[in-house]
Each structure stands twice: as C-alpha cells, then as structure tokens.
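Here's the structure we're looking at; comments come further down.
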Amino acid sequence: MEEESELLKKRREKIDSLKADGIDLYPNDARVGDTTASVSERFGPMTAEELEKITERFTLAGRLMAVRDFGKGAFISIQDRKGRLQAFLRKNQLGEKTFSLFKRLDVGDIIWVAGRVFKTRTGELTIDVEENGLRLLSKSLRPLPEKWHGLTDVEIRYRQRHLDLIVNPEVRKVFQQRSRIISLIRRFMEERDFLEVETPMMQPRAGGAVARPFKTFHNALGMNLFLRIAPELYLKRLITGGLERVFEINRSFRNEGISTFHNPEFTMMEFYQAYATYEDLMTMTEELFVHIVRKLFDSTKFSYQGKEIDLSPPWRRLTVRDAVVEIGGVETAVLDDAGRMADHARKLGVEVKQSDPPGKVLMAIFDETVEQNLIQPTFVTHYPVDVSPLSRRNAEERTLADRFELYICGKEIANAFSELNDPVDQRGRFEMQLREREAGDLEAHEMDEDYIGALECGMPPTAGEGIGIDRIVMLLTDSASIRDVILFPLLRTRDDWGHLAARCPHDND
RNA sequence: GGGUCGUUAGCUCAGUCCGGUAGAGCAGCGGACUUUUAAUCCGUUGGUCGCGGGUCCGAUUCCCGCACGACCCA
C-alpha cells in the first residue's frame, strides 16, 4: 500500500469529523435553480442600491474554487458550467452549525448555496448566503492544482483532463467553441436539405482514403474488421440508394504517426450531393466557412498563431501544376518529363520508387514545396488521377481529376471531388491501386467488389467532400496542437507505477 | 525512426555547471481578522529529486540505459 500524503490524511480527518456530525458527504437531494451566469447577467449591471430592493432567493451549485477567510466571515468563489460567482458567508447569519461546516470545507468541494444578491464595496456581485444556506454536495479528497498558475504540465492536462477543465477556463472555452462550431456546421447542412446519417466504423475493408487502418476482430463472426479510415464508400452507396444529399460528422481512424496536426482518431465531416460538381462544392465550402466565422467572430477574419487569416470569398484557386511552378519554383519543363521530375523530387529529399506513377511524384513535390506556403484559404485543383482513385476524370484532361483540396495556414483542411460513378473506370483504378500495393505501398486502396457492385446499379453524378473538423476547430480557437481540441487525445498508457502497460505483440499482415 | 529539451513538495518553479542526502510561492495545518478577490499578518508541516544501473568514501547533481512528455525533422 502506498503511503498517503499529509494532505490526504488531513482530508480524511475532516471527513471523519463531518461524518461524526451526521453530515452526508455525497447527498443527492439538492435542487439548483440558477447558474452563476443567470444571476450575474441579470444583476451584474445593477447598482448596490437597486440590488437592495431585490428580495428574490437564488440557489446555486458548483465547485468551491477559492476561500478568503476573515474569521467570522468569508468570501468564497463558486464555479459552475457557466463561470464563477462570489458568495459571502457570515457566521451570525449562517448559524453556528452551518458555519462550522464551512470551516471544514476544502477548495475543490462541490457545494450548494442559497441566498440573496448584493454588491460589495468593491462592486462585485455576491450571494449573501442565508441561514443554513450552505451544503456540501460532494467531498473532494485531492487538492486542486494551484489557483494562480493553474495546471500547465501538458501531460497531466491531457491525462487528467478533468483537472485541466476545472482550473483552466480557457480550455473549457475551447471545447465550448468546438461544440458550437459543429453545431453551426450541422445547422448549415440541414438548411441545405442534407440528411445526417451514420455508417459503419467497423468495416471488412478499410476504403475511401489512402491510409493505413487499425485492425480488430469479431469473435462471434470469426471475422477480421478494420476501423474505418473514411466513411466515403458507404456514404456513396446511400447516394446510389437515392438519398441524394447526405452527411456524416464522426470519427475516422488512421494508423499513422502522431503530431500536432494528427491524432489517430479524428473527426471529419463527409458529405455528398447528387447532381453537383466539385466546383459547386468550392462555393459551398466558402459559404460554410463564412457562415461559421460570422456567427463566431462576427467577421470573416481571424488570427491563427499570429497570422491574420481572411476568409472573405472568393478564395484563391490554383491548379496543382501552377502551384508547383509558381510557389514551388519548379520549372515547367521538369514537370513534363517524368524522369526529371523524379530526380527533382529526390533532390528535395523525397523517397521516390521506380514504380511510383508521375502523379504521385508531382504530389510529393507539392507537399514538399507548396503546402506550407498556402496560408490564406486556397483551393488547389486538378489533381492527378494517379493519386485520386475515387475521383471523376476531368472532361478535357483525362489524366487529371475533378478534385480540390482546401489549404489554410499551410494545412490541408478539406478534400473534395466530383465522384467517379463509372464502374468500369472505378475497377481499373482499384486495379492500379492493387499494383501499387504489390509494389509495397501499404496505404494503397484495396479492391472493393461490393462498392463496384453498387456503382453498377447507377450512381447519379455526385460531388463529395471531407472536412477535418479538428483542424477547423484548431484554426478557429487558435490552438497550436490538435491535442488541445480533442478532449482525450491518445497517449501511451501508464500503470499506477508509472510503467508502460503491457503491449500486445502486433501482426503486420 | 532521428535530434533537441524536459521530468525536483498536491500545483508553479529555483537549485545541479563546479558531487557533501534540497529551497521559494501557492495549497495544507495552527493562530488573528465580518466587504475580500493571487485577501492580509504571525507561526508551521510536507520530498522514492521519473525509473534502473555505473563511477565514487559519498550521486538529485557526473556517465550509461530505460520510461513518459513537448517541440523539430523524416
């Protein structure tokens, strides 16, 4: 048994003392009528004289965050989901018993107070706690992090997010913003008559994107399953099924490295619209983003990590080829010669295989030279078909796809294309992907006969898009790391002794 | 996978360069105080110095390895 700290011992002593007085440490019968915000919004603007006429009684519950004790009186701060409010405890008003309860409370306890409002000499709105108007609702055994610096150790912040949320109000705000952003997106889609759907996260084949999946196993069915890397192929079956406009906001999983912009599970919105083109989606994307930032900031501008971003449309549109020439500084002649292009890529330090199709090499050059320079919102268009196995071919340029990616602040935020609905072409694309897989590309797409079968029933001409929700939230909350916008980012597990938990041997097939 | 940095009290941090078993603030505990708000004042408790090994009379400090985390690179 591990030694208990002095602090914990003291708390246990208090608990024993409270129990001895017949005080329930975890009661569940308190009724809460108000919030810190409902009270302060209503009475904050009033003067002390005006408040004297208010005889209404308020009941609040929340966490005790600070105590300023004066012996026979004390100020305390109560924090609920909406914020903080101060309360004043007076011995002669609370009564002997209740005041003695207060003396045994700790910062961190969940409490309930009742009383009227008044303003202190310094003008702060305060609850004047009435007789017996203080109750303990839940006893805290552990001390909270420090009141002034809060909790800054990022590892503890992520591992014990509850502490982070209690003591760092700006963290709570980020997650409130996240919820708001998702809600705004949902509303926007519903207004355009899109139907929200849910498709499988456990899939017999992980398709719809170029990435490595997590593998799992269903015991009863004796079946290998993969966590989805994208919902795409299922959503398009729904388009074939006649739903015409669908969207899904949910998790996808990619078995890849972790960085400030990558978490193994992340949230994406994918949506598909029949009888639309990727060009329609560019306009719609502009409208969506403007809708969000106007509601959030009442402006089309915001700043991210010191960079001023302006989302007022129309956004810059640039082909991959033009981007590589203009921004990447690559000569046109190099791009027209597969051999020279591969040499150029190698010069940039990119690993190029003999089997890599030219489109893949071009995109490697793009990633290396262009991506991080696209700060203001930019639609990059005309992707090579080689790297777009599910996209429709451009009517004029058959080696190019009707596809765009959206970049903001040097990061990919969205990926969209007119969908390939020709089952014969689709089979050919999958076959090409299979050849890349055989050449060692573990991310290449697999053959999916079920999906081709669905296309053979006739899928209407459609455009679809995937938008990285975590990344949007990062941008709009000025968060430097994706871990700051995901409540419980993936970290290595540790047991109570600080050792790594047992790792399962993994199979590589 | 590689590099850099970090890990010291419940929290926020000093100290380690130059080896002699650790300090502050907040929190806690005791006392004073009924309009404070990082309340104040007086007193005071609290440490496997991330883990393991090596060198040494002696290691939180030097060396090696490991773990976890952060950032950068691939």
Side-chain angles (χ1 to χ4, degrees), chain A residues 1-14 17 36 40 48 51-52 64-79 83-95 99 102-109 115 117-129 140-160 162-164 166-169 256-262 305 345-346 348-352 364 367-368 372 479-484 489-503:
Chain A
M1 192 62 201
E2 79 183 275
E3 288 259 336
E4 203 168 47
S5 78
E6 198 67 26
L7 288 160
L8 261 75
K9 266 186 215 158
K10 286 287 174 197
R11 294 251 169 143
R12 293 203 191 278
E13 284 170 24
K14 282 186 191 173
S17 148
T36 56
S40 54
L51 287 176
E52 274 172 33
L64 176 60
M65 293 302 288
V67 177
R68 294 178 287 280
D69 193 348
F70 292 86
K72 295 189 186 65
F75 289 96
I76 60 174
S77 297
I78 299 168
Q79 176 170 289
R84 284 191 187 191
L85 193 65
Q86 174 173 270
F88 190 38
L89 306 170
R90 291 183 286 168
K91 191 175 182 182
N92 58 2
Q93 179 158 296
L94 283 188
F99 199 73
F102 157 67
K103 288 291 182 180
R104 283 171 288 175
L105 291 182
D106 290 292
V107 168
D109 289 348
V117 286
F118 77 107
K119 257 189 187 168
T120 62
R121 274 209 283 255
T122 53
E124 178 156 346
L125 186 69
T126 305
I127 298 280
D128 187 23
V129 179
S140 160
L141 296 182
R142 293 173 187 256
L144 249 32
E146 206 224 4
K147 61 183 172 189
W148 185 242
H149 297 94
L151 183 66
T152 62
D153 183 318
V154 287
E155 189 173 352
I156 302 177
R157 285 187 45 227
Y158 298 149
R159 286 190 196 280
Q160 301 189 57
H162 52 284
L163 292 179
D164 194 24
I166 290 168
V167 300
N168 294 326
E256 294 167 353
I258 293 176
S259 80
T260 48
F261 274 82
H262 298 85
Q305 305 292 297
R346 287 195 190 93
L348 292 167
V350 181
E351 211 181 300
V352 178
D367 289 346
E368 202 61 31
Q372 72 268 22
S479 299
S481 169
I482 196 167
R483 271 156 281 175
D484 293 325
L490 187 69
L491 298 178
R492 282 195 164 91
T493 51
R494 289 212 265 186
D495 62 26
D496 292 342
W497 300 91
H499 298 135
L500 256 191
R503 283 187 192 159

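Below, chains carry the letters A, B, ... as their sequence lines are ordered, and counting in each starts from 1.
Residues passing the side-chain hydrogen bond (donor to acceptor under 3.5 Å, both in side chains) test with A/N168 are A/D164, sequence neighbours excluded. Partners of A/S481 by side chain to side chain contact (heavy atoms under 4.5 Å, CB included), not counting sequence neighbours, listed by chain and number: A/Y158, A/T260, A/R483, A/D484. By the side chain to side chain contact (heavy atoms under 4.5 Å, CB included) test, A/E52 pairs with no residue at all, sequence neighbours left out. For A/K119, the salt bridge (Lys or Arg N to Asp or Glu O under 4.0 Å) test picks out no residue, with sequence neighbours left out.
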Do any N or O atoms of the protein come closer than 3.5 Å to N or O atoms of nucleotides 6-10 of chain B, and which pairs are they?
none

With sugar-phosphate taken as primed atoms, P, OP1 and OP2 and all else as base, the protein-contact string of nucleotides 42-47 of chain B at under 4.0 Å (heavy atoms; B, S, -) is ------
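The gap from the P atom of B/rG50 to that of B/rU16 amounts to 15 Å, rounded to the nearest Å. Taking atom P in both B/rC72 and B/rG19, one finds a spacing of 36 Å when rounded to whole Å. Comparing the P positions of B/rA22 and B/rC49 gives an interatomic distance of 11 Å, to the nearest angstrom.
Judged by centroid separation below 5.5 Å and plane tilt below 30°, A/F75 stacks onto the base of B/rU36.
Looking at A/D69, its side chain has no donor and acceptor atom pair within 3.5 Å of the base of B/rU36. One cannot find a donor-acceptor pair under 3.5 Å joining the base of B/rU35 and the side-chain atoms of A/R121. Checked by distance alone, A/T120 brings a side-chain donor or acceptor within 3.5 Å of a matching partner on the base of B/rU36.
Residue A/E351 is classed as having no contact, given no heavy-atom separation below 4.0 Å to the nucleic acid.
Within the 4.0 Å cut-off from OP1 or OP2 of B/rA27, at least one side-chain nitrogen or oxygen of A/K147 is found. For A/R492, no side-chain nitrogen or oxygen approaches OP1 or OP2 of B/rA67 to under 4.0 Å.
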